[in-house]
Structure formats: C-alpha cells, structure tokens
Protein chains: 2
Amino acid sequence: MNKKRTTIKDIANVLNISPAAVSKALHDDSRISLKTKAAVKRVAKELNYQPNHLASALRRGKSNLVGVVVPKTNSNFFSSVVEQMEAVLNKAGYNIIITQSNESFEKECKNIDTLLYTQVDGIIASMANETVDLSYYEKIKANGIPLILFDRGENDLNVDYVGIDDYNSSHVIVEHLISKGCKRIAHIGGYRRTRIFNNRIKGYIDAISKNNLPIDDSLIIESSLTLEDGRKEMAHLLQLENRPDAVYVASDYAALGALQVLNENNIKVPEEIRLIGFGNEPFTSLVTPSISSIDQHSKDIGRIAAETFLKRVEEPKLKQSLNKIILNAELIIRDSSK
Amino acid sequence: MNKKRTTIKDIANVLNISPAAVSKALHDDSRISLKTKAAVKRVAKELNYQPNHLASALRRGKSNLVGVVVPKTNSNFFSSVVEQMEAVLNKAGYNIIITQSNESFEKECKNIDTLLYTQVDGIIASMANETVDLSYYEKIKANGIPLILFDRGENDLNVDYVGIDDYNSSHVIVEHLISKGCKRIAHIGGYRRTRIFNNRIKGYIDAISKNNLPIDDSLIIESSLTLEDGRKEMAHLLQLENRPDAVYVASDYAALGALQVLNENNIKVPEEIRLIGFGNEPFTSLVTPSISSIDQHSKDIGRIAAETFLKRVEEPKLKQSLNKIILNAELIIRDSSK
DNA sequence: TACTTTTGCTTAAACGTTTAAGCAAATATA
DNA sequence: TATATTTGCTTAAACGTTTAAGCAAAAGTA
C-alpha cells in the first residue's frame, strides 16, 4: 500500500539521477540522452507516476486552466459553444472550468472570483442579462490575464469579442417577413441596456423604416424574454385593436410562449400571424408549427473565442483592445413563417 | 505598475512581521493578536491581496476543487443537478469543475484524467451510456479520493450512489395507465446493459404481470432513446397488427419523437394512444399535447450527492462502500395520458 | 518572589515541480 | 595536440503558502 503518490523524486531515486533530470526527461528536453529518457518513462509508468499539476502550475506561474462564465449551461447555444471551446483548448493543452451565473449578477461576480482564485490563465465569458456594472470584468483585466467575451459583451471593456451580427439579423428577419406580405411586424425584444438586444431593436427599426413601413411604438416591447414573457406579451399584442400580422421575438423561449398563446387562441400560424424566433434552439423544429429562427453559429463562436484566447496567450505583449469578430447569422425558415 | 501580484511576503514586509504571522492572521489563528490581525487585513485590502490557490493547495495537499462528470450539460436534469451541487459545495468552501462526456466513453476517460491531473479532492459522476469498462473509475478509487455516482451508476464499483427508484417509477407509470383503461402498454426503453434502463424494463415487466396483463415481447423495445429513436420505434409500433393503446418511453426526448409520429399520423393522444415520458424535461409541458413524465428530483439528487461527498471528506477513515440513496420519483400527469 | 502558563510571534522546512547556472566528460574543430 | 563546443547531467533556488517547533515576553498562580 503506497499511501503517498509517486513523485519525480521517487523516479529519481530509483534511477539514481537527479529530480531535475527526471523532469527534463519527462518534457523531452534535448539535453537528456535518449537512454535516460526511456528509463525515466519506463519507471514513471511502472510506478504509475501522475504529475502534480499544482506544483508545476505554481512553479511555472501558469495553470493551463481557462475559466468559462456563461448565463446557463442548460441551453443549446451555450452548451454547444462550450463544447467547441473545450475541443480547441484541450488540443492546445488547456482545460476549462465552466461556471454558470444563472443570469444573476451576484453569482457572476462570485464565479469570476472563484476563477481568479483558481489561478486560471484566462477567462471567456458571456454576461448575465442583469449585468451592467463592469467592475468585476475590470478586475480580470487588472489581473493581467486575457478576457474574451462572446455573445453578450460590452464595447466599453475594450477586449476581444466574438458574436453574430444582431443588427443585420433583424434586417434579414424583417425583410423575410415583408417578402411574405407582412405589413405590421411586432418585435418582442430584450432590454435595450443589453447591447445585443439593443442592436436587434435598432436593426428592426431601421429595417422597417428602410422598407417604408411605419414605426409603431405599440409593436415594440422590451422584456426578459422568458417563456412566460413571451406568453404575456403575445397576449398583450392580441388585445391591440390593430393586431400585428407578424411577430419577431428576440429569443426562442419567448417565441415558444408566444406560439402557445397563438395556438390557444386558435390563431393560424403562419396564415394569420407569422412568427420568428432567435437562437435556433432544437425545440424550434420540434413544436407545431415549427418556428423559424436565427442560427447563431454556436460552434464557430466557441471555436473562435478559444482561438482568440490562444492568440492572446501566445502574444502577451499585445495590448488588450476592442477587437470585434462578427459572424453573419443565418435565418432558418420553418413552418411558422412559410 | 506593480507587474507582480501581491503575496503574503509583501504584506509581511509592510508590517515588519513574518510571512507566517500574516498567513495565520488571515486564517484568524487564535495565537495572533487582534491588533495584528486587523493590520494584516487592512494592508491585504490596500495591496489588493489575492491568495494564491495553487500554493496553498500544494502545501495543504488539498485543492478544494470537486470534479463533476456528466454526459451532457445541455439537459435540464443534469444542469439542475449541477446547480444544486454547486450551491452546496460552494457553501462548504469547494468549487466545482464541470466536464461533459457527450455520452462518449473515450471523452469520459479523458475528463477523468483531466480532473485527477487537476488534483481535485473528489469526483461526482454520472456515466455515459456507452460506458461498460469501469477501469477508469477504479483509477479514481485507487487515487484515494471520494467518488460519488448519481443517476447512471454501477453497483460493482462499491461507492456512494444517489438516484431515483427506476423500478418503482415503472410501476407507478404502468398502474396509472391501467387505471385509465389501457390494456396493451408498450415500452420504448434504453439498453439493458445500463442499470437504470434495465431497472425500468424490469419494473415495467413486473408491473404488467402483477396486474394480470400478458407480457408481449413485441411491445418491449431497446434503443438509445434519442428523439430519432423515438420516432423510429413509434413508427414501428404503429405497424404492428395489434397496436398498443399506451406507450411508456424511458426518455422525454424519445417520447417527443414518438409524439411527433403520432401527431403526423393523426392519431389522437391520449384518446387512441396514451403516452408517458421520463425525466420531466421542460419541453414536456410545452408541446401539444403536453407529455406526462417522471420527475427525477434533480435538485435533491444534486444536493444529496454534494452532501455525500462532504461526508466522505470529513470522515476519510470510513472505507468506500456501496451506499445507495434512492429517492422516490414523482409522476407528473399531463394531457398525453389524461 | 519564583514558578508555570499563555500569548504572540519567528524560524525553517515542506509541498512537487521547474529552471538558471554550472560543471565534467565526450566530441568536434583547428 | 590544444582548444572550443556540445552533451548530459547536477546543484540549488524558486514558486507562495502552511505549519510544526521553538522562544521570549507577558500574564497568571502559589
């Protein structure tokens, strides 16, 4: 029963060489003979040597851990983003620590503290809806480690950002609806204080104007975009004396709520009201009728965010600066807008 | 510009005391005067001292990190389990590292290696569907750190396990369907090699027998329980000359697939065929008709798994042994079986 | 007063690894 | 053959923290 785990010293003792030589042999240092390397690796395997990550991280001042902050892992978008990130970072020798804020600012701050405390080499984050105070993110920057934002970001932080073109997505949606003959297009959006939702609203307004339709403020709604919000706001829209003939909802969850209310009121979708969501969650293709939605290229976002991080660690001299990488989103047309 | 982060030494220098005293002051050691403690904490705040977790973990031989292995974060069950775990463990001073296997055995092994390498103090895991070879889990045990399994576990490992009573859940479902007058109840289940799915199948068979209904092998199907599997197997059941009047599907995703096929074939649910799923995923209440399902008490499972881990670290002398904690699952009755 | 105990610190080693510096032997170069 | 270079290691310090052991001063006790 070897209570203690085997260390580099143990291997050194067996072979009567110094721990330094063992360390170098394990790292394939050119100054160690092939013979010694082979012997070290053989003994390491025999003694079931497992390197102590804490010790090496401490010595090297680098943990090879990347912290990830997301609002919720429980959404297809984020889990897919994270999956890609992990693939890219693992390949480069990094492991990731996933934390979720549950859309709570307080939890988000705690998570950031945890990650910094765990000595991560960088943080890749998407902000909670609640987040307006950026001091915790400044803390990351002050720490000197790279910070990469995706999806829900902030220009003011002057860091790398990866996301889709929300403004343009709204244009694509509005123009698709107009091409189907819609004249009164409502928008159930998020709160303007969140950059991405603000961009969707602006895109919506500009696209409506561009196509010479009137802007009707009663058709523009801000909410938290939960399923319940979708139900509530759709019910509200149905009570207007001049109903919309299309609704563009800035989240699939809220779009689903809206669809439920439409179904319950026996309003035919798409014939009477066309509906479009945002995010391309799997359930959009599963419900009846299936919901048209915007695909956010989650895999690309995950991959690019990870690659951006790697670029930053490779070139630490490069000062952090606003560096936006914007992908074109894709409208997936389904039954709800056909 | 202080390039370097402040350490305990820096604080010691400012106050002209030893680093040891600073460390003790920060940990509220009783042998340090209140005056010194106050001074240390003041200076620590002034210099924005952040403890180096790697150093303390190395010295103490304890990382205060718990590894979590799940098949997919992208499911309501697992994300909810993890959320509760995190809450309990954070309170006890632990942080968690979430890894997902994507139902791949190979990825699961990699994840376990990563976690061991990161020097976690314990691992809480739910196995991938593929996993039959348990050698990697033996590796965790050999490492001497606690291993807790939940939902998808294995008796052979002789470790703590938290899950629901799958066998009994099948009884509850079958009896509910019989009470609605069903006589030919089909079961689209998982593969028997996975313990929980085997239990569901056994529960189904025993419940059918107990209620003096015939066992019809053509009504018992094993599959991977994806949405596609649900579609395929439901289509298959519809082609039987003697159709079932109820289908109990061992996963909500497969149940959804089944429902789609029923809807497409204009078969009235629940009038012609009643349908019940498993897992109580949020979408079960969102689709039309809403799907009856089993709630797995994800919050309780997460909480209890975390508490079990904490018990293990508190009493390391206690030998690991098979310790099953089984919760009663709850049938949520919705339109698909009313 | 003379002792024991308590208080409040210090010293020094340790955790396991990496790495700069150094040195002897082997090999290459002139 | 004498000198320079390369090879293959060793030594020792360092990363930042914790902690056992120890010690002087202060406080308590007889």
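Just so it is clear: chains get the letters A, B, ... in the order the sequence lines come, proteins before strands, and each one is counted from 1.
- At distances below 3.5 Å, not a single donor-acceptor pair connects side-chain atoms of B/N90 with backbone N or O atoms of B/A87.
- Contacts of A/K324 classified as side-chain hydrogen bond (donor to acceptor under 3.5 Å, both in side chains), with partners at least two apart in sequence or in another chain: A/N155.
- In this structure, a donor-acceptor pair under 3.5 Å is present between the side chains of A/E108 and A/T131.
- A/R152 forms no cation-pi arrangement with A/Y161, by the criterion of a distance under 6.0 Å to the ring centre and an angle within 45° of the ring axis.
- Partners of B/T194 under the side-chain hydrogen bond (donor to acceptor under 3.5 Å, both in side chains) rule, at least two apart in sequence or in another chain, do not exist in this structure.
- Overall bending of the helix from C/dT1-D/dA30 to C/dA30-D/dT1, expressed as the angle between end axes built from five pairs apiece, is 40° (10° steps).
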Please table the atom pairs, donor to acceptor, closer than 3.5 Å between any side-chain atom in residues 304-311 of chain A and protein atoms at least two apart or in another chain.
unit_1 : atom_1 : unit_2 : atom_2 : d
A/E307 : OE1    : A/R303 : NH1    : 3.3
A/T308 : OG1    : A/I304 : O      : 2.6

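- Taking every nucleotide of DNA chain D with any atom under 4.0 Å from a non-hydrogen atom of chain A, the first and last of them, 5' to 3', are D/dT7 to D/dG16.
- Checked against ring pair (Phe, Tyr, Trp, His ring centres under 6.0 Å), B/Y117 has the following partners two or more places apart in sequence or in another chain: A/H53.
- Applying a 4.0 Å cut-off to non-hydrogen atoms, none of the residues of residues 112-121 of chain B approaches DNA chain D.
- Evaluation of the side-chain hydrogen bond (donor to acceptor under 3.5 Å, both in side chains) rule for A/S298 yields A/S80 as partners, not counting sequence neighbours.
- Applying the side-chain contact (heavy atoms from CB on, under 4.5 Å) criterion to B/T36, with sequence neighbours excluded, gives B/I17, B/I32, B/S33, B/V40.
- Near DNA chain D, meaning a heavy atom under 4.0 Å from it, residues 17-39 of chain B has B/A20, B/S23, B/K24, B/H27 in order of number.
- Looking at residues two or more places apart in sequence or on another chain, you find a side-chain hydrogen bond (donor to acceptor under 3.5 Å, both in side chains) between B/K62 and B/N64, B/Y94.
- For B/V43, the side-chain contact (heavy atoms from CB on, under 4.5 Å) criterion is met by B/I11, B/V14, B/L15, B/L47, not counting sequence neighbours.
- Geometrically, A/R5 does not engage A/Y49 in a cation-pi contact defined by less than 6.0 Å to the ring centre and at most 45° from the axis.
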